[in-house]
Amino acid sequence: MGFRLTGIKKALLAANRASSKAVDVPKGYLAVYVGEKLKRCVIPISYLNQPSFQDLLSQAEEEFGYDHPMGGLMIPCSEDVFQHMTSHLNRL
């Protein structure tokens, strides 16, 4: 017995197309929600490799777990702190 990967692959592709149209996130980027008002920010996925951003991801996991009601990753810091960090990461 084996899995029918073609059916699963088609379902995943359809879901990805539908979700990408709904949120307008370009390829190579990730939508996150930041601050008390949950401002939506689109960031490059290259940030995921940066130690400072990985610290934020660990805090997000501790505070929110993996179930995000907004459908995206929520980052537990203020918008100002997030903007400062991302501007630093953009210079790297």
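Heavy atoms only: backbone and side chains are in, while hydrogens, waters and symmetry mates are out. What you are looking at is a predicted structure, and each value in this text was computed from that prediction instead of being measured.
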*Hey, mind stepping through Tyr29 and Tyr47 against side chain to side chain contact (heavy atoms under 4.5 Å, CB included) and telling me if it holds?*
CA-CA 9 Å; Tyr29 287 80; Tyr47 286 4; over 6 Å; no
*Verdict with reasoning, Lys39 to Tyr33, per side chain to side chain contact (heavy atoms under 4.5 Å, CB included)*: CA-CA 5 Å; Lys39 178 182 177 186; Tyr33 296 89; over 6 Å; no
Distance in Å, [X] [atom1] paired with [Y] [atom2], rounded so as to fall on 0.5 Å steps:
X: Thr86; Y: Gln50; atom1: OG1; atom2: CD; value: 12.0 Å
X: Ile75; Y: Ile43; atom1: CD1; atom2: CD1; value: 6.5 Å
X: His84; Y: Asp80; atom1: NE2; atom2: CG; value: 10.5 Å

*Residue pair Val34 / Ser78: nearest heavy atoms and the distance that separates them*: CG1-O, 3.7 Å
*Which atoms form the tightest heavy-atom contact between Leu30 and Val25, and what is the distance?*
N-CG1, 3.9 Å
Residues that [X] engages under side chain to side chain contact (heavy atoms under 4.5 Å, CB included), provided they are two or more places apart:
X: Ser46; value: Pro44
X: Pro51; value: none
X: Gln54; value: none

*Begin with the C-alpha distance, continue with both residues' side-chain angles, and end with the deciding distance and a verdict on side chain to side chain contact (heavy atoms under 4.5 Å, CB included) for Leu38 and Met74.*
CA-CA 7 Å; Leu38 296 177; Met74 295 187 306; 4.0 Å; yes
*Do Phe53 and Val81 sit in the same hydrophobic cluster, where Ile, Leu, Val, Met, Phe, Trp and Tyr count as joined when their side-chain heavy atoms come under 4.5 Å apart?*
no
_Let's go through Gln83 and Cys41 carefully: what are the C-alpha distance in whole Å and the side-chain angles of both, what is the deciding distance for side chain to side chain contact (heavy atoms under 4.5 Å, CB included) to 0.1 Å, and is it a yes or a no?_
CA-CA 10 Å; Gln83 293 296 334; Cys41 300; 4.2 Å; yes
